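Keep in mind that what you see is a predicted model, and the values were worked out from it rather than measured.
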Amino acid sequence: MLVPAATTSESVTPATPRSVAELGARFVPQTLRYLGVPEQTLRDAAQDVLVVALRRLDDFEGRSALTTWIYGICVRVAHDYRRKNQSNRELLVERMPEMTSPAHQETALEQAEWRRHLGALLDDLDENQRAAFVLYEIRQLSMKEVAEALGCPLQTAYFRHKSARERVLAAFKRHTGEGEDA
């Protein structure tokens, strides 16, 4: 079956080393972070994504947007880094020590805390659910692009996302106390 080229604006982006580097610099590190790559290995993982993309650039067939193809590489690299890191888990404290900060830093601290909470919620998902959730909800790819990036049928991508969303919402409700009797 012949698959038509993607119709997004990025599908017309030529697949050149420069375009891969520019696209990668825009979204690869943040995507890897949401996919669970530890902060201390984030730069190495981002570099690995770009090396793989550049090495395999001739294999890019243009059946999807260049970004979708790079997201697929991100998912595989993140999986490898998470698997390698399972035995090197950091011991996290239940509560951070009290810190004082200037008022303008409070927003940054709150954002960092929300990112930590989101990271913990995402850590409870399996690799496939996490990837589908991150690509659809956070990176805002279409479900078709998610399926292409994950290399799975569209219905499988929908199922993985739905399962992940249910688990994340349930965990969020438990964390915030929603759904408890008042």
Side-chain angles (χ1 to χ4, degrees), residues 3 6 8 10-11 23-24 26-53 56 59-60 63-92 94 110-180:
V3 179
T8 64
E10 289 178 337
S11 67
L23 288 171
R26 277 204 321 244
F27 66 81
V28 167
Q30 184 179 23
T31 300
L32 291 170
R33 184 178 292 117
Y34 283 123
L35 289 171
V37 173
E39 199 66 37
Q40 67 269 19
T41 59
L42 193 59
R43 285 185 177 191
D44 292 338
Q47 184 175 1
D48 286 353
V49 168
L50 294 177
V51 167
V52 169
R56 296 190 51 219
D59 297 339
F60 177 68
R63 292 185 293 164
S64 63
L66 185 58
T67 54
T68 303
W69 183 69
I70 295 172
Y71 278 124
I73 295 170
C74 286
V75 168
R76 289 182 286 284
V77 169
H79 171 76
D80 292 344
Y81 270 82
R82 283 175 51 91
R83 191 180 58 214
K84 284 183 213 172
N85 195 51
Q86 283 178 345
S87 61
N88 298 335
R89 284 276 201 204
E90 289 183 27
L91 296 176
L92 301 177
E94 182 66 31
E110 289 172 1
Q111 290 174 345
E113 185 175 335
W114 276 107
R115 276 195 301 273
R116 274 194 305 278
H117 288 299
L118 177 60
L121 292 175
L122 294 174
D123 282 342
D124 288 338
L125 302 175
D126 71 34
E127 294 287 337
N128 293 321
Q129 290 175 340
R130 182 182 188 129
F133 186 85
V134 167
L135 294 178
Y136 186 77
E137 295 290 342
I138 297 173
R139 302 309 304 171
Q140 298 184 340
L141 270 64
S142 71
M143 194 54 73
K144 181 178 183 262
E145 291 172 316
V146 171
E148 290 170 356
L150 299 179
C152 67
L154 183 61
Q155 290 304 318
T156 302
Y158 274 113
F159 177 77
R160 289 174 181 174
H161 170 261
K162 181 178 184 252
S163 300
R165 184 180 169 124
E166 288 171 356
R167 290 181 66 188
V168 167
L169 287 175
F172 182 77
K173 286 177 181 177
R174 280 193 308 272
H175 177 73
T176 60
E178 283 184 34
E180 294 178 2

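For the side chain to side chain contact (heavy atoms under 4.5 Å, CB included) test, residues two or more places apart in sequence or in another chain that qualify with Asp124 are Arg167. Under the rule for a ring pair (Phe, Tyr, Trp, His ring centres under 6.0 Å), the partners of Tyr71 that lie at least two apart in sequence or sit in another chain are Phe27. By the side-chain hydrogen bond (donor to acceptor under 3.5 Å, both in side chains) test, Glu39 is found to be paired with Arg33, residues two or more places apart in sequence or in another chain being considered. With sequence neighbours excluded, the residues forming a salt bridge (charged side-chain N to carboxylate O under 4.0 Å, His left out) with Asp80 are Arg83, listed by chain and number. The salt bridge (charged side-chain N to carboxylate O under 4.0 Å, His left out) search around Arg115 returns none, not counting sequence neighbours. For Ala170, the side chain to side chain contact (heavy atoms under 4.5 Å, CB included) partners two or more places apart in sequence, or in a different chain, are Arg174. Taking the side-chain hydrogen bond (donor to acceptor under 3.5 Å, both in side chains) definition, one finds that Ser163 meets it with nothing, sequence neighbours left out. For Asn128, there are no side-chain hydrogen bond (donor to acceptor under 3.5 Å, both in side chains) partners two or more places apart in sequence or in a different chain. Shown here are the side chain to side chain contact (heavy atoms under 4.5 Å, CB included) partners of Ala132, two or more places apart in sequence or in another chain: Val146, Leu150, Arg160, His161. Shown here are the side chain to side chain contact (heavy atoms under 4.5 Å, CB included) partners of Glu166, two or more places apart in sequence or in another chain: Lys162.
Among residues at least two apart or in separate chains, there is no salt bridge (Lys or Arg N to Asp or Glu O under 4.0 Å) pair with a member in residues 66-79. Listed by first then second residue, pairs satisfying salt bridge (Lys or Arg N to Asp or Glu O under 4.0 Å) with a partner in residues 132-142 read Glu137-Arg165, not counting sequence neighbours.
Here Arg130 contributes atom CZ and Ile138 contributes atom CD1; the two are 8.5 Å apart, rounded to the nearest 0.5 Å. Going from atom OG1 of Thr31 over to atom CD1 of Ile73 covers 12.5 Å, rounded to the nearest 0.5 Å. Summarising the geometry, atom CZ belonging to Arg56 is positioned 11.5 Å from atom CD1 belonging to Ile70; distances are rounded to the nearest 0.5 Å. Taken to the nearest 0.5 Å, the CH2 atom of Trp69 stands 12.0 Å off from the CZ atom of Arg63.
Taking every heavy atom of both residues into account, Ala171 and Leu121 meet most closely at CB-CD2, 3.1 Å. For Leu32 against Cys74, the heavy-atom pair with the smallest separation is CD2-O, 3.6 Å. When all heavy atoms of Pro29 and Ala46 are compared, the closest pair comes out as CG-CB, 4.3 Å. Val37 and Ala45 get closest at one heavy-atom pair: CG1-CB, 3.8 Å. Closest approach of Tyr34 and Val134 over heavy atoms only: O-CG2, 3.5 Å.
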Problem set entry | side chain to side chain contact (heavy atoms under 4.5 Å, CB included) evaluation trace for Leu135 with Glu145 | CA-CA 9 Å; Leu135 294 178; Glu145 291 172 316; over 6 Å; no

For this session: Please report the C-alpha distance between Leu35 and Leu122 in whole Å, then the side-chain angles of each, then the deciding distance to 0.1 Å, and finally whether the side chain to side chain contact (heavy atoms under 4.5 Å, CB included) criterion is met.
Result: CA-CA 8 Å; Leu35 289 171; Leu122 294 174; over 6 Å; no

Problem set entry | Candidate pair Arg82 and Asp123, rule salt bridge (Lys or Arg N to Asp or Glu O under 4.0 Å), full reasoning | CA-CA 10 Å; Arg82 283 175 51 91; Asp123 282 342; 3.3 Å; yes

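At a cut-off of 3.5 Å, with distance as the only test, no side-chain donor of Tyr81 or Asp44 sits close to an acceptor on the other residue.
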